[in-house]
Number of protein chains: 2
Amino acid sequence: MGEPQVKHDVFQAIADPTRRKLLKLLADKEMPVTMISGHFPMSRTAVSKHLRILSEAGLVKERRVGRENRYRLDPEPLVELKRWYGYFERFWENKMAALQLLVESDDPVE
Amino acid sequence: MGEPQVKHDVFQAIADPTRRKLLKLLADKEMPVTMISGHFPMSRTAVSKHLRILSEAGLVKERRVGRENRYRLDPEPLVELKRWYGYFERFWENKMAALQLLVESDDPVE
DNA sequence: ACGAAATGAAACCATTTGGTTTCGTATATA
DNA sequence: TATATACGAAACCAAATGGTTTCATTTCGT
């Protein structure tokens, strides 16, 4: 019983650029740690720690398969982000109308 | 010429809960620093440093009026946030449909 | 049975972060 | 003019962050 006691929340989790890249990488593919770390200019252990933080925030799920640990995105906690953002939508009136068009076009960011 | 050279980006800026509260506080009201800091259990100087970070990220605008420095929300950089999570929306298909309803209802978060 | 692969835990380190208190300066007001 | 108010800069500090290397454990493939 009691709260889920998450150590890192979504906002903290996505604050780091490496972790944002991790989420994109794991968005459509499930991958084991060593393969994941091949995409980053740091040690496997460092990547592993980032994955841990993402996992604490609920943004990735891990699945043990033999000796490897496979990770995959779980986008569900991003809803909190969307809600938070949604609160502010009421505050930009005219200014945002133009920029909204930019958002609608879905060229990838980062 | 050259990039705007922002020290703190939006993701870092909103990672801290105090700064998220600041944004909500300044969403519809322009306020001077001392009045703002009255809403937080820390020194005026500490609040001032948070405001500086938000300012670097472009999320607040400051305006000098006499001896006071008035701050107000500028939501424009939040568009980057929307674009970012917008990328992931294509990855939550069925699961998100239900939660979407929650988002649409606008009870305040935090 | 044995060696290699996959991983996390632990200890360690430098830098950043979030807070403090003190001080100087500009502006308002009595 | 003198005093009080509003604020940021600076120096400082403890804890968190993001990285490293080393080591032990589990599992796979000969």
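Chain A is the first sequence line, chain B the second, and so forth, proteins listed ahead of strands; every chain is numbered from 1.
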Q.
For B:Y87, does the six-membered ring have the charged nitrogen or CZ of A:K24 within the cation-pi criterion, i.e. under 6.0 angstrom from the centroid and within 45° of the normal?
A.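 Here A:K24 passes the 6.0 Å and 45° test against B:Y87.
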Using every non-hydrogen atom in the two residues, find where [X] and [Y] come nearest and quote the distance to one decimal.
{"X": "A:A13", "Y": "A:A57", "value": "CB-CB, 3.7 Å"}
{"X": "A:G58", "Y": "A:P77", "value": "O-CG, 3.3 Å"}
{"X": "B:L78", "Y": "A:W84", "value": "CD2-CZ3, 3.8 Å"}

(Q) At a heavy-atom distance below 4.0 Å, which nucleotide of DNA chain C is the first touched by chain B, and which is the last? (A)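 Listed 5' to 3', the contact boundaries are C:dT17 to C:dA28.
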Report, one line per pair, each donor and acceptor closer than 3.5 Å where one atom sits in a side chain of residues 26-35 of chain A; sequence neighbours left out.
| residue | atom | partner | partner atom | Å |
| --- | --- | --- | --- | --- |
| A:E30 | OE1 | A:R63 | NH2 | 2.6 |
| A:E30 | OE2 | A:R63 | NE | 3.0 |
| A:E30 | OE2 | A:R63 | NH2 | 3.3 |

Q: State whether A:H8 places a side-chain N or O below 4.0 Å from either non-bridging phosphate oxygen (OP1 or OP2) of D:dA16.
A: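 It does not, given that no N or O in the side chain of A:H8 lies less than 4.0 Å from OP1 or OP2 of D:dA16.
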Quickly work out the [X] [atom1] to [N] [atom2] distance and round it to whole Å.
{"X": "A:Q12", "N": "D:dG18", "atom1": "CD", "atom2": "C1'", "value": "14 Å"}
{"X": "A:F11", "N": "D:dT17", "atom1": "CZ", "atom2": "C1'", "value": "20 Å"}
{"X": "B:R52", "N": "D:dA6", "atom1": "CZ", "atom2": "P", "value": "20 Å"}
{"X": "B:K49", "N": "D:dC7", "atom1": "NZ", "atom2": "C1'", "value": "14 Å"}

Please tabulate, for side-chain N and O atoms in residues 41-52 of chain B, each donor-acceptor pair with protein atoms closer than 3.5 Å (sequence neighbours left out).
| residue | atom | partner | partner atom | Å |
| --- | --- | --- | --- | --- |
| B:S43 | OG | B:A46 | N | 3.1 |
| B:H50 | ND1 | B:R19 | NH1 | 3.1 |

pair [X]-[Y]: side-chain heavy atoms closer than 4.5 Å:
{"X": "B:H39", "Y": "B:K21", "value": "no"}
{"X": "A:L54", "Y": "A:Y71", "value": "no"}
{"X": "A:L22", "Y": "A:L73", "value": "no"}

**Q.** Reading 5' to 3' through nucleotides 24-30 of chain D, protein heavy-atom contacts under 4.0 Å coded B for base, S for sugar-phosphate only, - for none
**A.** ---BB--
Q | Results of salt bridge (charged side-chain N to carboxylate O under 4.0 Å, His left out) for A:E68 - residues two or more places apart only | A |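 Checked A:E68 against salt bridge (charged side-chain N to carboxylate O under 4.0 Å, His left out); matches are A:R70.
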(Q) Taking B:I14's backbone N and O only, do any of them form a donor-acceptor pair with B:R20's side chain (distance below 3.5 Å, no angle check)? (A)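 Flag set: sc B:R20 to bb B:I14 pair under 3.5 Å.
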Q. Nearest nucleotide by nearest heavy atom, which residue falls closer to the 5' end of DNA chain D, B:E62 or A:R19?
A.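 Nearer the 5' end of the strand: B:E62.
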**Q.** Nucleic acid contacts - residues 36-46 of chain B versus DNA chain D, non-hydrogen atoms under 4.0 Å
**A.**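 Heavy-atom cutoff 4.0 Å gives B:R44, B:T45.
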